[in-house]
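For reference, the structure is listed below as structure tokens.
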Amino acid sequence: MSDNLPPCPSCSSEYTYEMNALMVCPECGHEWVPAAGGSAEPAGAGERVIRDAVGNVLSDGDTVTVVKALKVKGSVSGIKAGTKVRNIRLVDGVDGHDIDCRIEGFGAMQLKSSVVKKA
């Protein structure tokens with residue numbers, strides 16, 4: 001619509017418009033503040049930051065420790081708190097599961113970063 005309005009950070013639609021102090025995307029319904037969205041968009045689009053339960057930044061290959069007991073479907077025992085997980089991979093998982101790993105005794109699975117802390 002207008003050449004000076006930024007595209008939607010959620011769906012990249014070019015049909016954004018201003019509504020009071022917000023920018024609005026008519027295609028996906030996303031609303032954002034243009035000053036925060038405009039300055040944070042280039043940094044956020046290039047690199048995402050995933051933090052553990054206590055706020056440490058995680059990266060591929062890190063070793064983490066599970067901070068609370070987790071139930072595993074199909075397993076009687078589950079994963080105990082304090083279990084070390086080596087060589088994690090950060091992924092765009094489903095439903096907040098952003099760590100892909102292999103846990104000894106359970107095999108490959110995905111974990112949420114909110115249930116681990118960097119070792």
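What you are looking at is a predicted structure, and each value in this text was computed from that prediction instead of being measured.
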For atom NZ of Lys112, is the number of surrounding heavy atoms from other residues, nucleotides or ligands below 6.0 Å larger than 12?
-> yes
Does Val94 sit in a hydrophobic cluster with other residues, and if so which ones, taking ILVMFWY side chains as linked at heavy-atom separations under 4.5 Å, directly or through other members?
-> none
Going from CD1 on Ile88 to CG on Asp62, what distance comes out if it is rounded to the nearest 0.5 angstrom?
-> 5.0 Å
Does a side-chain heavy-atom distance below 4.5 Å link Leu58 with Val64?
-> yes
Under 4.5 Å between side-chain heavy atoms, hopping through other hydrophobics if needed: is there a path connecting Val67 to Leu70?
-> no
Write down the atom of Val85, the atom of Val66, and the distance for their closest heavy-atom approach.
-> CG2-CG2, 4.2 Å
Do side-chain atoms of Asp60 reach the backbone of Leu90 as a donor and acceptor pair under 3.5 angstrom?
-> yes
Distance from Ser59 atom OG to Arg89 atom CZ, nearest 0.5 Å?
-> 14.0 Å
Passes side-chain contact (heavy atoms from CB on, under 4.5 Å), Leu22 versus Val33? Steps please.
-> CA-CA 5 Å; Leu22 295 175; Val33 178; 4.0 Å; yes
How about Asn56 and Lys117: do any of their side-chain heavy atoms sit closer than 4.5 Å?
-> no
Is there a side-chain contact between Met109 and Val72 (heavy atoms, below 4.5 Å)?
-> yes
State, with a plain yes or no, whether a side-chain heavy atom of Glu18 is found less than 4.5 Å away from one of Met23.
-> yes
Going by heavy atoms in the side chains, are Cys8 and Glu27 under 4.5 Å from each other?
-> no
Distance (rounded to the nearest 0.5 Å) between Thr63 OG1 and Arg86 CZ = 6.0 Å
Apply side-chain contact (heavy atoms from CB on, under 4.5 Å) to Ser75 and Phe106, showing your working.
-> CA-CA 9 Å; Ser75 173; Phe106 291 96; 3.4 Å; yes
Walk me through it: do Cys101 and Leu111 pass the test side-chain contact (heavy atoms from CB on, under 4.5 Å)?
-> CA-CA 8 Å; Cys101 61; Leu111 297 173; 3.8 Å; yes
Would a 4.5 Å heavy-atom cut-off, applied to side chains only, mark Trp32 and Pro9 as touching?
-> yes
Atom CG in Asp95, atom CD in Gln110: separation rounded to 0.5 Å?
-> 10.5 Å
Answer yes or no: is there a side-chain heavy-atom contact under 4.5 Å between Thr83 and Thr65?
-> no
Cys11 vs Cys25 side-chain heavy atoms within contact, under 4.5 Å = yes
Report yes or no: do Asp52 and Ser113 form a side-chain donor-acceptor pair below 3.5 Å?
-> no
Check step by step if side-chain contact (heavy atoms from CB on, under 4.5 Å) holds for Val49 and Arg51.
-> CA-CA 6 Å; Val49 177; Arg51 297 183 182 272; 4.1 Å; yes
